[in-house]
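Every value quoted in this text rests on a predicted model; they were computed, and no experiment measured them.
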Amino acid sequence: MNVVAIFDIGKTNKKVFLFDENYKIVWEKSVNLDETTDEDGFPCEDIDVLKNWILDRLSEIKELTSYVLKAINFSTYGASFVYIDENGKVLTPLYNYLKDYPEELKKAFYSKYKGEEIFAVKTASPVLGSLNSGMQIYRLKEEKPELFEKVKYCLHLPQYLSFLLTNEAFADITSIGCHTNLWNFKKMKYHKWLQNEGISEKIPPLHYGKDVLKKGDLSIGVGLHDSSSAIIPYTINFTEPFVLLSTGTWSISLNPFNNKPLTFEELEKDCLCYMQYTEKPVKATRLFSGNEHEVQAKRLAAHFNVPFDTFKDVYFDKNIVANLRALHFQILYPKKYDFDILKECPFQKRDLSTFKNYETAYHQLMLDLVEQQVFSTNLLIHNSPVKKIFVDGGFSKNSIFMNLLAEAYPDVEVYASIDGAGKRFRCGVGHSRKLESKTNSK
């Protein structure tokens, strides 16, 4: 059987899938890898451990006599650069995009390039410090100039993983165009600051996602940013307006049908543009809700003295939701948005002793997360005629999340996209309905 291998590298979960020629998953493996720390003691991905896991899985796949590997590609989290020298040697840790960015350095940068507002609008990048991956390069240049001089190429993580197999260095538009501070969305080219700072020569040439690299009998992709790759099957198969809610460590709402230019006010509320592999911008909003779910699930487990993953056995209970609301833990979906809710999940301030059991407390957590999600997604839906919301990733498998989201959007069809099929949720009560068979191309 001919198969394609896709490595899906998230911040938490690392997965590899084999797809047959009908886009069915026929084999998969997943792992959570231990982090290491950088020179400042800040947690970060262990790039050597990740590299070895990928190479080990490829060796394992090649030994599977039932499958013939024809192609490989990578989809990974963004905002992470790997710096290599002329021999392909990695020169630094894979710095964590959550690491604090020096305030003075940030101020100096934006003052040099016309200020935060003008720069953010041009690059469709909220001011996010290390999450603007271009700022990581700028920091390396300013703080470690001798090390920076040794850098041959700055590779986003998907392109580095492709480089491991091809020994060819490229950039990719889905990674470059993702809140990086690198791309001028108005002129559709790199921002001039890269040339001014002597960085442009360390960014390899662009290679487009529709093209592959040939290595013997193998076709190898250059890699894609995960949020940008998530929307590909939907834009191919659906023409009526929709929003994709791609969930993982981050929950990203993407609306390819909202063409209104970003304003600085929207950027301040964590709106941004992602770039599709076709070079078309997609308006998006972000929430750190997958990470928040993990933090609060650990807090709940400790309080109720249960295993961390107890939430996997908790299912939507409309009576619990009704009782929580009756106790003034009301969830609201106002037309005028209080954007403070985007900054902090309400559950952080909940007193866990007020909940009689884990199940009730977990329902409240999901109520609070969905309230945040609705505020975030509404930034894209406001004055935009959306007919469907597709949810993929971790929260698509969470019955509480899906039912509450459907309840929040009674006039929109809400679907959980699972393994190329779908389950539709309406008004808080889920019932099965397959998506059109053509969506199996996911």
Side-chain angles (χ1 to χ4, degrees), residues 243-255 265-266 268-271 284-300 311 314-352 354-355 358-384 386 389-416 425-430:
V243 163
L244 172 65
L245 176 55
S246 181
T247 66
T249 301
W250 292 88
S251 288
I252 314 290
S253 300
L254 301 121
N255 185 352
E265 289 73 25
E266 287 177 317
E268 287 185 307
K269 299 175 181 73
D270 225 359
C271 287
T285 59
R286 307 176 321 132
L287 274 177
F288 207 22
S289 50
N291 182 78
E292 186 66 31
H293 180 273
E294 183 174 1
V295 169
Q296 297 304 330
K298 289 177 180 176
R299 180 178 164 221
L300 286 171
F311 60 84
V314 181
Y315 299 96
F316 177 73
D317 189 319
K318 62 182 180 180
N319 293 322
I320 292 177
V321 170
N323 288 336
L324 286 169
R325 289 173 173 164
L327 290 168
H328 307 292
F329 291 92
Q330 188 85 14
I331 185 168
L332 301 171
Y333 307 109
K335 293 181 179 179
K336 291 185 178 180
Y337 313 128
D338 175 9
F339 293 111
D340 285 343
I341 195 173
L342 297 176
K343 300 174 184 176
E344 181 180 82
C345 179
F347 196 79
Q348 293 179 16
K349 296 181 179 178
R350 302 283 186 193
D351 181 356
L352 298 188
T354 63
F355 300 104
Y358 178 95
E359 187 177 16
T360 303
Y362 185 72
H363 271 73
Q364 185 61 59
L365 170 60
M366 299 314 298
L367 279 163
D368 290 339
L369 287 174
V370 171
E371 184 176 12
Q372 276 192 300
Q373 188 61 65
V374 169
F375 275 102
S376 178
T377 302
N378 277 349
L379 290 168
L380 297 180
I381 292 180
H382 190 55
N383 295 326
S384 179
V386 169
I389 296 176
F390 300 113
V391 184
D392 73 6
F395 282 135
S396 71
K397 303 172 182 67
N398 188 305
S399 68
I400 306 174
F401 182 92
M402 290 303 305
N403 278 280
L404 292 175
L405 190 70
E407 183 185 61
Y409 293 105
D411 300 322
V412 178
E413 296 177 9
V414 177
Y415 291 89
F425 289 79
R426 299 290 291 138
C427 299
V429 181

Check: If you look at every heavy atom in Leu324 and Leu367, which pair is closest and at what distance?
Finding: CD1-CD1, 3.7 Å
Note to self: Using salt bridge (Lys or Arg N to Asp or Glu O under 4.0 Å), reason through Lys298 and Glu294 one step at a time and then give a plain yes or no.
What the structure shows: CA-CA 6 Å; Lys298 289 177 180 176; Glu294 183 174 1; 3.7 Å; yes
Next item on the list: Could you tell me which non-hydrogen atom of Gly393 sits nearest to which non-hydrogen atom of Ser396, and how far apart they are?
Entry: O-OG, 2.6 Å
Item checked: Residues in side-chain contact (heavy atoms from CB on, under 4.5 Å) contact with Gln348, at least two apart in sequence or another chain -> Glu292, Gln296, Glu344, Cys345
Checklist line | Parallel, tilted or perpendicular: ring planes of Tyr362 versus Phe311, cut at 30 and 60 degrees | finding: parallel
Note to self: Assess whether a salt bridge exists between Arg325 and Glu407, defined as any Lys/Arg side-chain N lying under 4.0 Å from an Asp/Glu carboxylate O.
What the structure shows: yes
Next item on the list: Specify whether Phe401 and Phe395 have parallel, tilted or perpendicular ring planes, treating 30° as the upper limit for parallel and 60° as the lower limit for perpendicular.
Entry: parallel
Next item on the list: Heavy atoms only: give me the nearest Ser251-Leu245 pair and the separation to one decimal.
Entry: CB-CD1, 4.1 Å
Item checked: No-hydrogen, no-angle side-chain donor-acceptor test under 3.5 Å, Tyr315 and Asn398 -> no
Next item on the list: Please lay out, stage by stage, how Phe347 and Lys349 fare under the test side-chain contact (heavy atoms from CB on, under 4.5 Å).
Entry: CA-CA 5 Å; Phe347 196 79; Lys349 296 181 179 178; over 6 Å; no
Next item on the list: Working to the nearest 0.5 Å, report the span between CG of Asp270 and CD1 of Ile252.
Entry: 8.0 Å
Next item on the list: Start with the C-alpha gap between Asp368 and Gln364, add the side-chain angles, then the distance that decides, and say whether side chain to side chain donor-acceptor pair (under 3.5 Å) holds.
Entry: CA-CA 6 Å; Asp368 290 339; Gln364 185 61 59; 3.1 Å; yes
Note to self: So, using salt bridge (Lys or Arg N to Asp or Glu O under 4.0 Å) as the criterion, who are the partners of Glu268 when residues are at least two apart?
What the structure shows: none
Notebook entry, point to check: Distance from Leu379 atom CG to Ser253 atom OG, nearest 0.5 Å?
Noted result: 9.0 Å
Next item on the list: May I ask you to check whether His363 and Phe355 place their ring centres under 6.0 Å from each other?
Entry: no
